[in-house]
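What follows is a single structure, written as C-alpha cells, with notes after it.
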2 protein chains.
Amino acid sequence: MERRNEISIGTLANRTGLAVSAIRYYETQGLVAPERNAGGQRRFLRSDIRRLSFVMIAQKFGFTLDRIREVMSRLPQSRTPTAKDWTEISQDFRAELDEQIQALTRLRDKLDGCIGCGCLSLDRCALYNPDDVAADKGAGPRYLMGDEAVRPED
Amino acid sequence: MERRNEISIGTLANRTGLAVSAIRYYETQGLVAPERNAGGQRRFLRSDIRRLSFVMIAQKFGFTLDRIREVMSRLPQSRTPTAKDWTEISQDFRAELDEQIQALTRLRDKLDGCIGCGCLSLDRCALYNPDDVAADKGAGPRYLMGDEAVRPED
DNA sequence: GCTTGAGCTAAAGTTAGCTTTAGGAATTAT
DNA sequence: ATAATTCCTAAAGCTAACTTTAGCTCAAGC
C-alpha cells in the first residue's frame, strides 16, 4: 500500500522519468535514502521526486554524481527541504556553471589565435598551457605538444 | 634505427606527453596508422606528433575520439597535411564549440529563472524542456520532472 | 655477444553511470 | 484464491578511454 506521502520505486520512476534500475543505483550512490516497508520494499518520500529532479538537472549541467551528492549534503537533514533550500544550493551550481562556461570560452579564444597562426602544434602555441576546462579525471601528465622538431612541411 | 622522418612509439610518447599505451589504443581507434619496420615495431611519421596534438586539443574541448576521427578523416590522405589543412578542420571544431557554449549558456539562463521562482521541480519549470546541451549518450527517455503532485511543503 | 631497455600482443582491469539477467518474494487485481 | 504485476538482490554486462599484466621479442650499448 502506498500511504500518504510514501511512494513506491515504480511511482517515483514514473514521476521522474528515470528507470527503476537508475533509482536503485542512485541509492547505492547515496543520492536518496528510502526506508523499507514490512515486506522489504523501498518506500520513498514525495519530496524525493524533487530530489531526483535536482539530480537530473545537475547532470545536464555536466556534474558528476559525486559532486551532486556533495552539494546536496548541504541540504537540511532534519526536515524536508524547502524551496528556499533548493534555491540556495542551485546558486552553487550556477557559480560553477559560470566558471565552466568561461573556461570553455577562454579555450575557444585560444583556438581562434591558433587558427589565425596555423601552428596548432608548436610549443609556443597558446593551447600548450594547461589552465583548462574542468578536471581531467584520467591519470598521468597529459601535457600538450612540446614539438620543437616539427618543421614547416610536417 | 630511427631514420629521418621516422620515429618510434617511445619518441612519439615523449614528444606528445601521451603514454605509450594510449598511442597504441589510438591506433586501434584509427587515429594514427603507423607502419612497421622489419622487426615488427611501429614507425610513426614526424607529422604524427601534430596529429596526436590535435587529438589532445580536441579532447580538451570535450570531443569524443569517434568524433575526432570523423573530423580528421577530412584531412588529405595523399600528402602530409599542411598548416592550412589543420586550420580548416580546426574551424569545424570552433563552430561546434560555439554551439556548445551557447547551449550551456541557455541552460544557465534557465536555471536563473528557476532560482528566481524557487520551483526547481514543477512541470512548468523552464528546465523541463529538453532543448539541451550536447547529446546524452545514455539510453532511455530521461525527461525531467512531470511532478504535478508535489505540494508546496515537499 | 650479451645484457638491458624498449617494444609487441592479447587479455583483463578500471571508472562512471547505468542496464540486464536470473531467480525469488511481495503486492495487487480479478 | 490465484494470476499478474511489481519489487528484491546479486552479479554480470556495457561504453569510453585507457592502463596493467604477463610473457616474449627486438634493438642498442658496452
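Proteins come first, then strands; the chains are lettered A, B, ... in the order of their sequence lines, and each starts at number 1.
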Contacts of type salt bridge (Lys or Arg N to Asp or Glu O under 4.0 Å), residue [X], not counting sequence neighbours:
{"X": "B:Asp92", "value": "B:Arg74"}
{"X": "A:Arg42", "value": "A:Glu27"}
{"X": "A:Glu99", "value": "none"}

Donor-acceptor under 3.5 Å (B:Asp48 side chain, B:Arg51 main chain):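 Side chain of B:Asp48 to backbone of B:Arg51: no pair is present.
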Test item: B:Thr11 side-chain N/O and B:Ile7 main-chain N/O as donor-acceptor pair under 3.5 Å: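 It does not hold such a pair.
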Minimum-distance nucleotide (side-chain atoms of [X] versus [options]):
{"X": "B:Ser21", "options": "C:dC18, D:dA27, D:dT19", "result": "D:dT19"}
{"X": "A:Gln59", "options": "C:dG17, C:dG7, D:dC18", "result": "C:dG17"}
{"X": "B:Thr64", "options": "C:dT19, D:dC18, D:dA17", "result": "D:dA17"}

Could you state the atom-to-atom distance from [atom1] of [X] to [atom2] of [N] in whole Å?
{"X": "B:Phe44", "N": "C:dC8", "atom1": "CZ", "atom2": "C1'", "result": "12 Å"}
{"X": "A:Ile7", "N": "C:dT27", "atom1": "CD1", "atom2": "P", "result": "17 Å"}
{"X": "B:Leu65", "N": "D:dA16", "atom1": "CG", "atom2": "C1'", "result": "8 Å"}
{"X": "A:Lys60", "N": "C:dG17", "atom1": "NZ", "atom2": "P", "result": "17 Å"}
{"X": "A:Gln29", "N": "C:dT19", "atom1": "CD", "atom2": "P", "result": "13 Å"}
{"X": "B:Leu31", "N": "D:dC18", "atom1": "CG", "atom2": "P", "result": "9 Å"}
{"X": "B:Glu6", "N": "C:dA6", "atom1": "CD", "atom2": "C1'", "result": "17 Å"}
{"X": "B:Glu27", "N": "C:dT9", "atom1": "CD", "atom2": "C1'", "result": "12 Å"}

Taking only side-chain N and O atoms of [X], does any of them lie within less than 4.0 angstrom of OP1 or OP2 on [N]?
{"X": "A:Ser8", "N": "D:dT6", "value": "no"}
{"X": "B:Asn37", "N": "C:dG7", "value": "no"}
{"X": "A:Tyr26", "N": "C:dC18", "value": "yes"}

Could I get the full list of ring-ring contact (aromatic ring centres under 6.0 Å, His included) partners for B:Phe93, not counting sequence neighbours?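 In terms of ring-ring contact (aromatic ring centres under 6.0 Å, His included), with neighbours along the sequence ignored, B:Phe93 is linked to B:Phe54, B:Phe63.
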Just to be sure I understand the rule, does A:Ala19 reach a base, reach only the sugar-phosphate, or reach nothing, if contact means heavy atoms closer than 4.0 Å?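 Sugar-phosphate only.
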Sequence neighbours excluded and cut-off under 3.5 Å, please list the side-chain donor-acceptor pairs for residues 17-25 of chain A, or say none.
none

List every contact pair, protein side and nucleotides 8-10 of chain D side both N or O, where the distance is under 3.5 Å.
residue: D:dC8; atom: OP1; partner: A:Arg42; partner atom: N; Å: 2.7
residue: D:dC8; atom: OP1; partner: A:Arg42; partner atom: NH1; Å: 2.9
residue: D:dC8; atom: OP2; partner: A:Arg24; partner atom: NE; Å: 3.2
residue: D:dC8; atom: OP2; partner: A:Arg24; partner atom: NH2; Å: 3.1
residue: D:dC8; atom: OP2; partner: A:Arg42; partner atom: NH1; Å: 3.2
residue: D:dC8; atom: O5'; partner: A:Arg42; partner atom: NH1; Å: 3.3
residue: D:dC8; atom: O3'; partner: A:Arg36; partner atom: NH1; Å: 3.4
residue: D:dT9; atom: OP1; partner: A:Arg36; partner atom: NH1; Å: 2.9
residue: D:dT9; atom: OP1; partner: A:Arg36; partner atom: NH2; Å: 3.0
residue: D:dT9; atom: OP2; partner: A:Arg42; partner atom: NH1; Å: 3.0
residue: D:dT9; atom: OP2; partner: A:Arg42; partner atom: NH2; Å: 2.7

In terms of the nearest nucleotide of DNA chain D, which residue is placed more toward the 5' end: B:Asp66 or B:Ile23?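 Residue closer to the 5' terminus by nearest nucleotide: B:Asp66.
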